[in-house]
Amino acid sequence: MLDINLFREQPDVVREGLRKRGEDPAIVDEIRELDARHRQLLQEVEALRAERNRVSKRIPQIRDPKEREAKIQAMRELKARLDQLEAELRDVEAQLWERLAWVPNLPDPDVPVGKDESENVVVRQIGEIPAFSFRPKPHWDLGPELGLIDFERGVKLSGTRFFVLRGWGARLQRALIQWMLDLHVQKHGYTELYPPFMVREKIIFASGQLPKFRDNLYHDAEEDFWWVPTAEVPLTGYHMDEILREEDLPLRYTAYTPCFRREKAAAGRDVRGLKRLHQFDKVEMYAYTTPEQSEAELQKMVQDAVETCTLLGLTCRVVQLCTGDLGFAARKTYDIEVWAPGLQEWLEVSSVSNVGDFQARRARIRYRPKEGGRTRFVHTLNGSGLGVPRTYIAILENYQQSDGSIVVPEVLRPYMGVEVIPPK
RNA sequence: GGAGGGAUGGCCGAGUGGACGAAGGCGGGGGACUUGAAAUCCCCUGUGGGCCUCGGGCCCACCGCGGGUUCGAAUCCCGCUCCCUCCGCCA
């Protein structure tokens, strides 16, 4: 949610931000009109309420029953007018809120301007694209051949975009999750949380997945439960409606959750393999900071994600998203991509975003400055640390050997108990 | 699922129709006393919003949430949510 004052005081800044994203700035005028009507009505309503309060306080002191009855009668009439105006006010307020909820965050000024993915900027690459003495296989061949991934039975159970991991294959995923959590907790300074995987609608709204991405979410037909599309959702909701203390910031959390997505918008794309699934696992990093801290925290979080890749021995690169490719809530985002030699492509395993106060406004998460004074909205940041299936792809494809075995990355060996996953 | 009890400020807790934005306490801030600290005493201390002749003033809303009754609601009525206790069921 953007600050309504931005629309009042700097509408051109909002229009410019929307244009850079490739969005229609017409909504700015729509919101300005609603806001003007809202304030007009609010003033009228408040004037009437002030009048009512003033007179009502005096009524018990009036001795003369006639005068008293006259006042009460006058207030009855005022009440009727007030009821009508209040109904109107509620209506306009709801409209204003509804429109505002659809406006995405504004890009940070130093985000490169571009229309889509093709204009993202590769910031740096860590490691070289590895050379193989044989033709590396894609994971959708390796997985079934080694008995690690059972795509067919996944489909039997739940349909397309589902899979089953088996034996060492299941163990490898569990090892990855465990290791990532340990890394973020022990080395990167995050506190581990285990949140619910289903949350209320208002929590989904607070993180910005609603109303815009309703189509991509699963929810219970009977009760107010929404399956989380990312741990970012419960991690944003965690401090909803709270006033934090500046001394406690930054607050850093990490959490493992499965993520559930309909992927309707991507129908037919990436249907093969583990690249895009209805249910996938992810370890998330999350931070609440002051506005002054958030840029540095963004860089730290990118570094934490990069380190997760490099410790696994994967070649990766950091890509800064251009304005046209930014997510709804983000004002600045870096993707981390790892090289998958079987697929011969870079895979996005992490997306790290500074959301500014966009989610904090929706979730009403504030902090009290050390020196006192008015509360301020926190900044929130989220980043994958990492998405599990794509990391899994990269491990299988990068660590495959000519004899068909998979060498286990060194950091995972204590969690796997073996150095090599043998060929079948 | 059934029965009962509850939800008040950062925390605890009073308040059952009229000066209650809310007693009292705790916590926090400032001051007096003190060489310093403690103790004691005094003062201040919720959130959001609107307006103006705007570094000051006026007003509105908020006592779990949403409606309603009333001239007037923390207080009465209806619905909902959440928490607690007991019973049932259950991994």
Side-chain angles (χ1 to χ4, degrees), chain A residues 1-9 31-101 194-206 210 219-226 234 237-249 251 288 357-378:
Chain A
M1 191 81 56
L2 295 177
D3 186 353
I4 187 70
N5 286 307
L6 266 180
F7 290 83
R8 286 177 198 158
E9 291 155 18
I31 287 171
R32 281 169 60 87
E33 279 165 36
L34 280 170
D35 178 50
R37 273 184 65 205
H38 177 253
R39 275 193 295 175
Q40 170 68 34
L41 278 167
L42 186 62
Q43 281 171 48
E44 291 174 31
V45 163
E46 289 192 349
L48 284 181
R49 292 209 273 232
E51 164 87 1
R52 177 197 64 192
N53 292 347
R54 203 163 42 240
V55 176
S56 287
K57 272 181 188 170
R58 282 215 317 270
I59 284 178
Q61 272 108 60
I62 300 175
R63 294 283 169 85
D64 177 15
K66 261 190 171 161
E67 192 191 336
R68 197 182 157 109
E69 193 41 52
K71 283 280 189 237
I72 289 175
Q73 187 52 41
M75 284 304 101
R76 276 198 194 111
E77 282 157 25
L78 185 144
K79 174 96 195 303
R81 254 189 305 152
L82 183 57
D83 280 347
Q84 200 186 338
L85 280 177
E86 279 182 332
E88 224 174 303
L89 178 67
R90 268 198 297 272
D91 183 52
V92 172
E93 196 175 3
Q95 285 180 50
L96 178 59
W97 179 258
E98 203 277 330
R99 297 277 67 202
L100 220 39
Y194 171 83
F197 301 161
M198 297 187 286
V199 297
R200 303 166 184 287
E201 181 171 347
K202 64 182 183 188
I203 302 294
I204 297 259
F205 180 88
L210 281 176
H219 64 98
D220 184 84
E222 285 181 30
E223 293 184 81
D224 183 20
F225 286 129
W226 295 69
Y238 189 63
H239 284 300
M240 186 157 160
D241 287 317
E242 292 183 22
I243 299 172
L244 307 171
R245 305 184 328 151
E246 181 173 359
E247 296 87 308
D248 297 332
L249 301 177
L251 285 170
Y288 297 78
D357 62 12
F358 191 80
Q359 290 172 329
R361 281 180 192 282
R362 291 181 164 229
R364 294 167 303 278
I365 305 166
R366 290 158 292 166
Y367 73 94
R368 196 174 299 288
K370 272 193 207 108
E371 62 278 10
R374 291 179 76 77
T375 56
R376 303 172 73 198
F377 286 109
V378 298

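To find a chain, count down the sequence lines: A is the first, B the second, and so on, and within it residues start at 1.
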message = Using the side-chain hydrogen bond (donor to acceptor under 3.5 Å, both in side chains) criterion, which residues pair with A/E93? Sequence neighbours excluded.
response =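 By the side-chain hydrogen bond (donor to acceptor under 3.5 Å, both in side chains) rule, A/E93 matches no residue at all.
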note = side-chain hydrogen bond (donor to acceptor under 3.5 Å, both in side chains) filter on A/N53, not counting sequence neighbours, yields none
Show each protein N/O and nucleotides 58-60 of chain B N/O combination with a separation under 3.5 Å, one pair to a line.
| residue | atom | partner | partner atom | Å |
| --- | --- | --- | --- | --- |
| B/C60 | OP1 | A/N53 | ND2 | 3.1 |
| B/C60 | O2' | A/R49 | NE | 3.4 |
| B/C60 | O2' | A/R49 | NH2 | 3.3 |

ask   = salt bridge (Lys or Arg N to Asp or Glu O under 4.0 Å) with A/R49: which residues, sequence neighbours excluded?
value = A/E86
ask   = Stems in RNA chain B: runs of 3 or more consecutive Watson-Crick or G-U pairs, distances under 3.5 Å?
value = B:1-7 with B:81-87, B:10-12 with B:24-26, B:27-32 with B:40-45, B:46-52 with B:56-62, B:64-68 with B:76-80
request  = Could you measure between the two P atoms, the one in B/A3 and the one in B/G15, and give it in whole Å?
outcome  =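 These two P atoms come out 28 Å apart once rounded.
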message = Please report the distance separating the P of B/A19 from the corresponding atom of B/A74, rounded so that it comes out in whole Å.
response = 11 Å
ask   = Is there a donor-acceptor contact under 3.5 Å from the side chain of A/R376 to the main chain of A/R366?
value =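 Judged by distance alone, no pair lies under 3.5 Å.
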query = Any donor-acceptor pair under 3.5 Å linking the side chain of A/R361 with the backbone of A/L2?
reply = no
Enumerate the protein-to-nucleotides 51-56 of chain B contacts in which both atoms are nitrogen or oxygen and the separation is below 3.5 Å.
| residue | atom | partner | partner atom | Å |
| --- | --- | --- | --- | --- |
| B/C51 | OP1 | A/R39 | NH1 | 3.1 |

Whole Å only: how far is the [atom1] atom of [X] from the [atom2] atom of [N]?
X	N	atom1	atom2	result
A/F377	B/U47	CZ	P	13 Å
A/D248	B/G10	CG	P	16 Å
A/D241	B/C82	CG	P	16 Å
A/L100	B/G49	CG	C1'	15 Å
A/I365	B/U47	CD1	P	17 Å

key: Residue closer to the 5' end of RNA chain B, A/P60 versus A/M75 (nearest nucleotide)   = A/P60
ask   = Toward the 5' end of RNA chain B, which comes first, A/R200 or A/Q73, by nearest nucleotide?
value = A/Q73
inquiry  = Between A/E69 and A/K66, does any side-chain N to carboxylate O distance fall below 4.0 Å?
reply    = no
inquiry  = For the CG atom of A/L100 and the CD1 atom of A/I31, what is their distance to the nearest 0.5 Å?
reply    = 5.0 Å
ask   = Is there a donor N/O on one and an acceptor N/O on the other, under 3.5 Å, for the side chain of A/Q61 and the base of B/A19?
value = yes
query = B/G67, B/G46, B/C71: which one has an atom nearest the side-chain heavy atoms of A/R90?
reply = B/G67
inquiry  = Given B/C71, B/A19, B/U47, identify the nucleotide with an atom nearest to the side chain of A/R76.
reply    = B/C71
key: Below 4.0 Å: OP1/OP2 of B/A73 and any side-chain N or O of A/S56   =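 Answer is no, no contact under 4.0 Å.
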task = Evaluate the side-chain proximity of A/Y288 to A/Q359: yes if any heavy-atom separation is below 4.5 Å, no if none is.
result = no
message = So A/R245, base contact, sugar-phosphate only, or nothing? Heavy-atom distance under 4.0 Å.
response = nothing
key: Polar side chain donor-acceptor pair, A/R76 to A/Q73, under 3.5 angstrom   =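 Short answer, yes.
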